[in-house]
Amino acid sequence: MQKRILTILWYDNISEVQLYKDVGGIPYALAKYCNYKATFAYNSSNGIIHNENYEKYVKLSPITFNKHLSKIKSRYIRLFPVIKYVYNNAKKYDIINFYHSHEFTNFLCWLAKKINPKIITYVKLDMSEADFQYQNEIQMRSWKVKVWQNTDIFTVETFKYVDELNKLKKYNKKVKYLPNGFFSDLVDIDLSYIKKEKIILTVGRLGTYQKNTELLIETLINIKNELNDWKVYLVGPITNEFKNWLNERLVDNQFLKDKIVITGNIVDKGELYKIYAKASVFVLTSRYEGFPLVIQEALHFSCYPVITNCFPAANEVIHTGKSGFGQIVEMTIEDLSSALKNINNLDYLHRGKIASGFVNDNFDWQILVKRLDNYFNSLIQGRL
């Protein structure tokens with residue numbers, strides 16, 4: 001029988017870009033590869049989302065929010081449209097999927113079970129290092145920690161957290177491992193004619209505090225004599241503050257003007273993938289991340305990765321060392337400079353191919369989603 005899943009994300013910053021990240025990617029993958037009937041319900045404060053390819057597999061269902069309610073401090077009143085949506089729709093689905101370990105999420109799991117006792121409640125934790133430490137601190141300082149009785153399964157994207165979270169009373173030994181994935185078949189384009197070039201690539205919201213793009217620029221200035229015929233591509237939306245700062249830095253470093261290519265935001269995945277295909281080295285200088293999709297995309301296209309230790313699963317995705325296929329560096333100009341200067345001494349093209357094979361075997365949603373489907377099947381079988 002075809003299983004029905006409802007994914008709900010109530011945050012007010014939802015846009016089309018989330019459709020193929022983990023939040024929209026899970027219902028899409030379950031529908032495309034496991035024949036689920038899937039719905040993705042989202043906060044429509046930023047507008048109605050349409051995506052022809054996505055909607056071939058997943059129904060997009062906007063949740064309309066009252067602007068007056070948004071000013072109210074109480075989460076349960078402010079998010080009443082979400083409560084109403086769950087109340088009206090829980091009976092129609094076999095599985096309901098929420099995000100993050102908030103009390104409101106716990107309440108919604110309880111509500112879904114009240115409306116439909118047979119429904120499987122699934123919470124994806126999307127847990128950073130800070131979140132993980134916070135959960136441990138709560139456990140240690142309070143004996144009143146609530147057990148999430150109405151949540152059937154949690155998943156976390158970092159393997160090293162699974163056992164530790166299952167020791168906490170709150171999660172009741174219900175945490176499973178599920179890394180974030182990428183879609184290798186998202187765009188059907190011929191890349192066979194594209195050859196690798198001496199391109200260092202970074203992709204993200206350029207100039208934001210999180211992405212720490214200035215570290216890359218300062219490093220490039222520091223190793224100016226090592227760049228030779230390398231180009232640097234900066235891909236993504238760019239803040240005005242960073243644009244002004246970069247222009248000031250280029251006044252005294254004119255050589256970088258010929259090295260840096262600023263593309264702006266690239267919505268078309270096909271165009272973005274062509275840049276990945278040309279690039280040889282991918283750099284991520286973030287201060288923190290959850291589980292960045294850009295890493296997996298870069299590895300898929302055989303880019304040699306040089307990244308800061310900015311997300312908990314970094315060592316699970318990037319294999320370092322003499323036989324590895326990437327470098328994880330400290331968040332300093334000195335460390336990043338050393339790594340980039342060493343690129344010319346490595347067979348980065350060969351290592352990029354090894355990276356591609358690894359990510360394709362371990363992080364493609366076509367593979368990962370079958371693990372999630374098995375988790376759901378085990379819960380269903382346990383009830384029969």
Side-chain angles (χ1 to χ4, degrees), residues 3 5-11 21-23 25-27 29-30 75-76 79 82-83 86 90 93-181 288-291 311-317 363 368-383:
K3 292 189 280 291
I5 185 168
L6 170 63
T7 293
I8 297 181
L9 199 67
W10 61 80
Y11 300 101
K21 292 188 175 183
D22 56 327
V23 288
I26 283 177
L30 286 168
R75 178 181 287 166
Y76 293 87
L79 296 176
V82 181
I83 297 171
V86 172
Y93 294 89
D94 305 298
I95 304 159
I96 192 164
N97 168 212
F98 302 111
Y99 284 79
H100 304 299
S101 182
H102 299 313
E103 284 302 313
F104 186 64
T105 307
N106 190 15
F107 168 76
L108 291 178
C109 289
W110 170 85
L111 177 62
K113 288 283 191 183
K114 282 293 181 184
I115 304 303
N116 179 3
K118 294 183 179 179
I119 199 168
I120 292 172
T121 49
Y122 164 42
V123 176
K124 186 177 184 299
L125 296 176
D126 197 26
M127 188 165 284
S128 67
E129 180 70 27
D131 294 329
F132 176 69
Q133 295 300 333
Y134 177 69
Q135 295 303 324
N136 278 282
E137 288 170 10
I138 290 177
Q139 179 77 41
M140 287 187 291
R141 70 171 182 244
S142 176
W143 60 271
K144 295 181 180 179
V145 174
K146 291 181 180 178
V147 177
W148 283 38
Q149 300 282 10
N150 296 290
T151 304
D152 294 304
I153 179 174
F154 301 89
T155 64
V156 68
E157 63 274 24
T158 308
F159 186 75
K160 68 178 182 178
Y161 288 171
V162 175
D163 289 343
E164 292 304 313
L165 289 173
N166 277 324
K167 293 175 184 176
L168 302 182
K169 180 180 177 182
K170 176 178 182 176
Y171 297 109
N172 204 21
K173 299 180 181 178
K174 295 177 182 178
V175 181
K176 304 289 186 182
Y177 173 60
L178 186 76
N180 287 355
Y288 56 88
E289 292 282 353
F291 198 115
F311 66 106
N315 285 299
E316 296 170 23
V317 182
F363 294 97
L368 293 179
V369 77
K370 290 169 185 172
R371 179 181 299 170
L372 182 59
D373 183 41
N374 286 336
Y375 291 153
F376 293 148
N377 288 335
S378 294
L379 287 168
I380 293 168
Q381 290 298 318
R383 294 175 178 180

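At a threshold of 4.5 Å between non-hydrogen side-chain atoms, the residues Asn180 and Lys124 count as touching. Side-chain contact between Ile120 and Asp94: absent, with no pair of heavy atoms (C-beta onward) separated by less than 4.5 Å. Counting heavy atoms from C-beta outward, Met127 and Phe154 have side chains that stay 4.5 Å or more apart. Ile8 has its side chain within reach of Ile96: a pair of non-hydrogen atoms, C-beta onward, lies under 4.5 Å apart. No side-chain heavy atom of Phe98 sits under 4.5 Å from any side-chain heavy atom of Thr151. Proximity of Lys176 to Ile153: side-chain heavy atoms (C-beta onward) are separated by under 4.5 Å at one or more points. Side-chain atoms of Phe104 and Leu79, non-hydrogen and from C-beta on, do get closer than 4.5 Å to each other. Between Tyr122 and Thr155, the closest side-chain pair of non-hydrogen atoms falls below 4.5 Å.
Looking only at distances, no side-chain donor or acceptor of Asn116 sits under 3.5 Å from a matching main-chain atom of Ala112. Under the 3.5 Å distance criterion, the side-chain polar atoms of Thr105 are left unmatched by any main-chain donor or acceptor of Ser101. Looking only at distances, a side-chain donor or acceptor of Asn166 sits under 3.5 Å from a matching main-chain atom of Val175.
Atom-to-atom distance recorded for Leu111:CG and Thr121:OG1 is 11.5 Å, nearest 0.5 angstrom. To the nearest 0.5 Å, atoms CZ (Phe132) and CG (Leu165) are separated by 5.5 Å. Distance check: Thr158 OG1 to Leu178 CG gives 11.0 Å after rounding to the nearest 0.5 Å. Between Phe311 atom CZ and Glu316 atom CD the span is 8.5 Å, to the nearest 0.5 Å. Going from atom OH of Tyr177 over to atom CG of Leu372 covers 13.5 Å, rounded to the nearest 0.5 Å.
The two atoms that bring Ala90 and Ile119 nearest to each other are O-CD1, 3.5 Å, heavy atoms only. Among all heavy-atom pairs drawn from Lys113 and Asp152, the shortest one is NZ-OD2, 2.7 Å. Closest non-hydrogen pair, Leu368 versus Gly181, comes out as CD1-CA, 3.6 Å. Across all non-hydrogen atoms, the minimal contact from Tyr11 to His100 is OH-CD2, 3.0 Å. The heavy-atom pair separating Glu157 from Ala313 by the smallest distance is O-CB, 4.2 Å. Pairing each heavy atom of Val123 with each of Tyr99, the nearest pair is CG1-C, 4.4 Å.
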TODO: Show the numbers, then the answer: is there a side-chain contact (heavy atoms from CB on, under 4.5 Å) between Asn136 and Leu168?
DONE: CA-CA 7 Å; Asn136 278 282; Leu168 302 182; 3.9 Å; yes

Task: Derivation of the side-chain contact (heavy atoms from CB on, under 4.5 Å) call for Ile5 and Asn97 - done: CA-CA 7 Å; Ile5 185 168; Asn97 168 212; 4.3 Å; yes

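Using a 3.5 Å distance cut-off with no hydrogens or angles, the side chains of Lys3 and Asn377 do pair a donor with an acceptor. Side chain to side chain, Asn106 and Lys170 fail the donor-acceptor criterion of an N or O pair below 3.5 Å.
Using a 30° and 60° split on the angle between ring planes, Tyr171 and Trp148 fall in the tilted class, from 30° to 60°.
Within a 6.0 Å radius of NZ in Lys21, other residues, nucleotides and ligands contribute 12 heavy atoms or fewer.
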